[in-house]
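Each residue takes its place number in the sequence, starting with 1.
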Amino acid sequence: MDRVFRNYEELDFAPLAEGSPVQASLLWGNPETGPAALFVKFPEGFVEPFHSHSSTYHAVVVRGSFSSKTPDNDESGDGVYGPGSTIVQPGGQVHAELNASGGEAVALVVFDGPVDFIPAD
């Protein structure tokens, strides 16, 4: 395999799902089976609906800041995590992240398995 260097500005971003304002750029792996790594961009003011993923993901906040909540903790902003902060979200756990910054927020997200989005009931 050859070494590959790409500037952030050269990455191709597309909606994470049809109609989603969240944009993603696949860095490596297979999102259908995992593992896979992506840069994920959340627009200013974005709040996700409650959902889960079938696999665990590990993330690092690159730009902006994030907060997260679970159905048992509907208070957003209890913890706001900025650049360099890490997140481990277990597969199957219902949660919702929100962009807690004044602009776009970006995270490097590595899924152990498939990249999916399962809306909560």
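- By the 4.5 Å heavy-atom criterion applied to side chains, F50 and K69 are counted as neighbours.
- A side-chain donor-acceptor contact under 3.5 Å links D116 and S54.
- Of all non-hydrogen atoms in G64 and P83, the two that sit nearest each other are O-CD, 3.2 Å.
- Ring centroids of Y81 and F66 are separated by 6.0 Å or more, keeping the two rings apart.
- Between A24 and L38, the shortest heavy-atom distance links the atoms CB-CD2, 3.8 Å.
- E104 is not listed as a side-chain neighbour of E44, based on a closest heavy-atom distance of 4.5 Å or more.
- Applying the 6.0 Å contact sphere to CD of Q93 captures more than 12 heavy atoms from other residues, nucleotides or ligands.
- Put simply, the side chain of T56 gets close to the backbone of G91: a donor and an acceptor are under 3.5 Å apart.
- Note on V62 and V88: separate hydrophobic clusters, where clusters join Ile, Leu, Val, Met, Phe, Trp and Tyr whose side-chain heavy atoms are under 4.5 Å apart, directly or indirectly.
- Of all non-hydrogen atoms in P43 and P21, the two that sit nearest each other are CD-O, 3.7 Å.
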Evaluation steps, side-chain contact (heavy atoms from CB on, under 4.5 Å), between H58 and Q89: CA-CA 6 Å; H58 304 258; Q89 182 64 57; over 6 Å; no
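- The nearest pair of heavy atoms linking A37 to L26 is O-CD1, 3.5 Å.
- Residues P15 and Q23 form a side-chain contact, since some pair of their non-hydrogen atoms from C-beta on lies under 4.5 Å apart.
- Between atom CZ of residue F117 and atom OG of residue S20 there is a gap of 7.5 Å, rounded to the nearest 0.5 Å.
- Under the 3.5 Å distance criterion, with hydrogens and angles disregarded, a donor-acceptor pair is assigned to the side chains of N99 and S101.
- Considering V106, L108, V115, V22 in turn, V22 is the only one that fulfils the side chain to side chain contact (heavy atoms under 4.5 Å, CB included) rule with V40.
- Residues D112 and P35 form no side-chain contact, since every pair of their non-hydrogen atoms from C-beta on lies 4.5 Å or further apart.
- A pairwise comparison of heavy atoms in V109 and A59 identifies CG2-CB, 4.0 Å as the closest pair.
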Full working for side-chain contact (heavy atoms from CB on, under 4.5 Å) between L11 and L27: CA-CA 9 Å; L11 299 176; L27 302 175; 4.2 Å; yes
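- Under the 30°/60° scheme for interplanar angles, the aromatic rings of F46 and F42 are found to be tilted.
- Aromatic ring pairs are classed by plane angle as parallel below 30°, tilted from 30° to 60° and perpendicular above 60°; the pair H51 and H95 is tilted.
- The shortest side-chain heavy-atom distance between K41 and R63 does not fall under the 4.5 Å cut-off.
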Worked check of side-chain contact (heavy atoms from CB on, under 4.5 Å) between Y57 and I87: CA-CA 8 Å; Y57 73 73; I87 303 160; 4.1 Å; yes
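- Linking ILVMFWY side-chain heavy atoms closer than 4.5 Å, directly or via other members, places L16 and Y8 in two distinct hydrophobic clusters.
- Here CZ of R6 is found 6.0 Å from OG of S25. Values are rounded to the nearest 0.5 Å.
- Scanning both residues, S55 and P114, for their nearest heavy atoms gives OG-O, 2.9 Å.
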